[in-house]
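First up is the structure itself, then whatever we jot down about it.
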Amino acid sequence: QTVAAGAINVASVTLLKNGKPVVTGIQQLVGVDDDGIYGPKTQAAVKEFQKELIAGGYLPSGSDDGIWGQQTDDAFRKYVNNNVSFTSVN
């Protein structure tokens, strides 16, 4: 697996609003059904996503908790700014 994004325009996806996760945007990013429910599938996909960010040096080791918060969002934005090519998780 590689860090996601697929066919979506990552710059236009809102992942945090007022410090809280925007579930459908996160789901689109990590490649799970965007049903708006931050359930076990979304959490597992975010955790895998975080592992990729850790492997790339964008998140500190041990940060793979499956929660999309400010730290994960900041790491993802740094990843995007480094012009890394994306492929879909699925």
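- One hydrophobic cluster, built from ILVMFWY side chains closer than 4.5 Å, cannot hold both V80 and V22; they sit in different ones.
- Shown here for D64 and K51, the closest heavy-atom pair between the two residues is OD2-CE, 3.2 Å.
- Note that CG of L53 and CG of D74 are 11.0 Å apart. Values are rounded to the nearest 0.5 Å.
- For W68 and F49, the gap between ring centers is short of 6.0 Å.
- Judged by distance alone, the side chain of Q28 and the main-chain N or O of D34 form no donor-acceptor pair under 3.5 Å.
- The number of heavy atoms from other shown groups lying within 6.0 Å of CG (D33) does not exceed 12.
- At least one side-chain heavy atom of T72 sits under 4.5 Å from a side-chain heavy atom of L59.
- Residue D35 comes nearest to Q27 through the heavy atom pair OD1-NE2, 2.9 Å, listed as atom of the first residue, atom of the second, then distance.
- Counting only heavy atoms from C-beta outward, the side chains of T42 and V46 approach each other to under 4.5 Å.
- Nearest heavy atom pair, residue S63 against residue P60, reads OG-O, 2.7 Å.
- Nearest heavy atoms, V32 versus A45: CG1-CB, 3.8 Å.
- Inter-residue side-chain proximity for K78 and N81 is flagged as unmet; no heavy-atom pair is nearer than 4.5 Å.
- Across G66 and Y38, no two heavy atoms sit closer than the pair O-OH, 2.7 Å.
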